[in-house]
4 protein chains.
Amino acid sequence: MEFRISPASGLPIYQQLVEQVRSGVARGKLAADEKLPSVRELSQSLVINPNTVARAYTELERDGVLYTRPGMGVFVAAKSAPLTKKVRRERLLPLVDQLLVEAVEMGCSLAELSKLISERSTVFEWNGTSEPSNASGGKRK
Amino acid sequence: MEFRISPASGLPIYQQLVEQVRSGVARGKLAADEKLPSVRELSQSLVINPNTVARAYTELERDGVLYTRPGMGVFVAAKSAPLTKKVRRERLLPLVDQLLVEAVEMGCSLAELSKLISERSTVFEWNGTSEPSNASGGKRK
Amino acid sequence: MEFRISPASGLPIYQQLVEQVRSGVARGKLAADEKLPSVRELSQSLVINPNTVARAYTELERDGVLYTRPGMGVFVAAKSAPLTKKVRRERLLPLVDQLLVEAVEMGCSLAELSKLISERSTVFEWNGTSEPSNASGGKRK
Amino acid sequence: MEFRISPASGLPIYQQLVEQVRSGVARGKLAADEKLPSVRELSQSLVINPNTVARAYTELERDGVLYTRPGMGVFVAAKSAPLTKKVRRERLLPLVDQLLVEAVEMGCSLAELSKLISERSTVFEWNGTSEPSNASGGKRK
DNA sequence: GTGGTCTAGACCACA
DNA sequence: GTGGTCTAGACCACC
């Protein structure tokens, strides 16, 4: 998997990396136990400081997304046990609300938003009840 | 409308204010041309630095959410002309993707996410043509 | 509250700080919303690099022990909602086992260990069923 | 006795081995003068570097847990003379405190912790004079 | 070779 | 004044 950073994005570099790894895992582009590029390697190819890469990796490890094999490198962790439904709701709510506020603000209709979500959702690796709802689509054949 | 700030949220205070105003407008709690509390009033009632309030208002004015009538105060702007569909997509995409990544990461099914969005969407003031789709709910009459 | 670091301890400096803050909170020496020494302040008094202090604070913030008020400093967070009993068990088990292994290894009797635990437990701020068991004592009058 | 290593544990491999041997001895799964697998055998069965196994054995020998009979292999040492009570206290204290801090931090009550310790303690081979106290259980006959 | 820790010093955002 | 980010470069532990 390739990593890219855009200095103009406003987001700190290490966070851009964090997001890309998370996103890669969620999309199935990064499989469990797959090795990530080494800190030195990635820092050279992106022309950034090794510490910056290390920070991203460290943060991802603390969140259980990656794990380190001392002396060997950094690897993708297996998916951990899913959280409670209640906890999921709590954590997702602010993101959902933020999205809805933005959508309403720019005059987007609910149907349009649903369609957008539906389109994007096909790229991800959903688990659980794989029956995609009509609303947000999913790759129904 | 009441404003609240939570010191422990981590977000800069001025951003908390910005978010609350935007959210208030999107939810219809703040009507067009409604007057907002003055910088001095708000800074006193929240016990924060007036500069902080001013910064929030400035930013909101720059984005066309508020307008200032010199000597009279700050007011809620009427909704500006909706952006083109393409621009909406571009701006919404990162938020949608972020939401989907988080949802997948915590083992949420697509159906569960759709239901959550559907529930929250009833609070907002959607515009445009769309009858809210069955899927994502909305306040059907 | 005073902080101390011992270079000979083997533990990284930032972890020593992390432990001391956690311990201070658990002992009630650090009250909720109390301000901690600033990064620069603490780094000067301990004669260590500001980054090292910052790292400790950052880690504690990610764990919900501290929170940052941008521009104002770092503060002690209020206790968050307690975890499930099951989760508590899971997290405590390795520590308990490690303790028991060490104790057995050095020829400590179970009674002696219990007494030691009992003694130390009086310093902490327990919550929940405050009825201290005979085994581990507590400050019964 | 079987050895297992988990690459994702974060702990260096040689330490995982050290811990397992120590734990095995404390639990009575490894008897005095029992022979351990050779460096070569173990490194092959675990698919790890022989140096890593050697390091673990060396460390355990240094601590008097194992002894080497040149040409014959590595064996479990008999329990050495117990340390003085004072030394035991000094070495156990940090572990005890760490455990208590964690327990308090996650809202565990003292009774709950005592119960947990009591349960786990039955697996170990306690020595010394002590009838296990009622409080912390142990395998009463 | 791998990552982890620490130092030094710069620059920016927030209040 | 506060903390947050990034760079540069050093040293150590692990395999």
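The figures here come from the full heavy-atom set of this structure, side chains too, leaving out hydrogens, waters and symmetry mates. Proteins get letters first, then strands, A, B, ... in listed order; numbering begins at 1 in each.
Atom P of nucleotide dG3(E) and atom CG of L60(A) are separated by 14 Å, given to the nearest angstrom. Nucleotide dG4(F) holds its C1' atom 18 Å from the OH atom of Y67(C), rounded to whole Å. Note: CG (L66(C)) to P (dG4(F)) measures 10 Å, nearest angstrom. Between the P atom of dT2(F) and the CD1 atom of I13(B) lies a distance of 17 Å, rounded to the nearest Å. In this structure, Q44(C) places its CD atom 14 Å from C1' of dA8(E), rounding to the nearest Å. Atom CZ in R55(C) sits roughly 17 Å away from atom P in dA8(E) (whole-Å rounding). In this structure, E59(A) places its CD atom 8 Å from P of dT5(F), rounding to the nearest Å. Computed from coordinates, the L36(C) CG to dT2(F) C1' distance equals 13 Å when rounded to whole Å.
Ion pair R27(A)/E125(A) not flagged as a salt bridge, since none of the NZ, NE, NH1 or NH2 atoms sits closer than 4.0 Å to an Asp/Glu carboxylate oxygen. Under the 4.0 Å criterion applied to side-chain N and carboxylate O atoms, R91(A) and E102(B) are not assigned as salt-bridge partners.
Comparing T68(C) and P12(A) against DNA chain F, the residue whose closest nucleotide sits nearer the 5' end is T68(C). Both P70(C) and P50(C) lie close to DNA chain E; mapped to their nearest nucleotides by heavy-atom distance, the more 5′-ward contact belongs to P50(C).
For Q15(A), the side-chain atoms get nearest to dT5(F) when compared with the rest of dC15(F), dG4(F), dT5(F). Of the candidate nucleotides dG4(E), dG4(F), dA8(E), dG4(E) has the atom lying nearest to any side-chain atom of T58(A). Here dT2(F) is the nucleotide among dG3(E), dT2(F), dT7(F) with the atom lying nearest to any side-chain atom of S38(C). Considering only side-chain atoms of Y14(B), the nucleotide from dA15(E), dC15(F), dT5(F) that sits closest is dA15(E). Comparing atom distances between the N51(C) side chain and each of dA15(E), dC15(F), dC6(F) picks out dC6(F) as nearest.
Surrounding CZ of R62(A) are more than 12 heavy atoms belonging to other residues, nucleotides or ligands, all under 6.0 Å away.
No hydrogens or angles were tested; on distance alone, nothing pairs the side chain of R40(A) with the base of dG1(E) as donor and acceptor under 3.5 Å. With hydrogens and angles ignored, no donor-acceptor pair under 3.5 angstrom links the side chain of N49(A) to the base of dG9(F).
The structure places CD of Q15(A) at 12.5 Å from OG1 of T52(A), a figure rounded to the nearest 0.5 Å.
A close approach under 4.0 Å does occur between a side-chain nitrogen or oxygen of T52(A) and OP1 or OP2 of dT7(F).
No donor-acceptor distance shorter than 3.5 angstrom exists from the side chain of Q44(B) to the backbone of E41(B), with no hydrogens or angles considered.
Pair assignment for dT7(E) gives dA8(F), based on Watson-Crick or G-U wobble hydrogen-bonding distances that are each under 3.5 Å.
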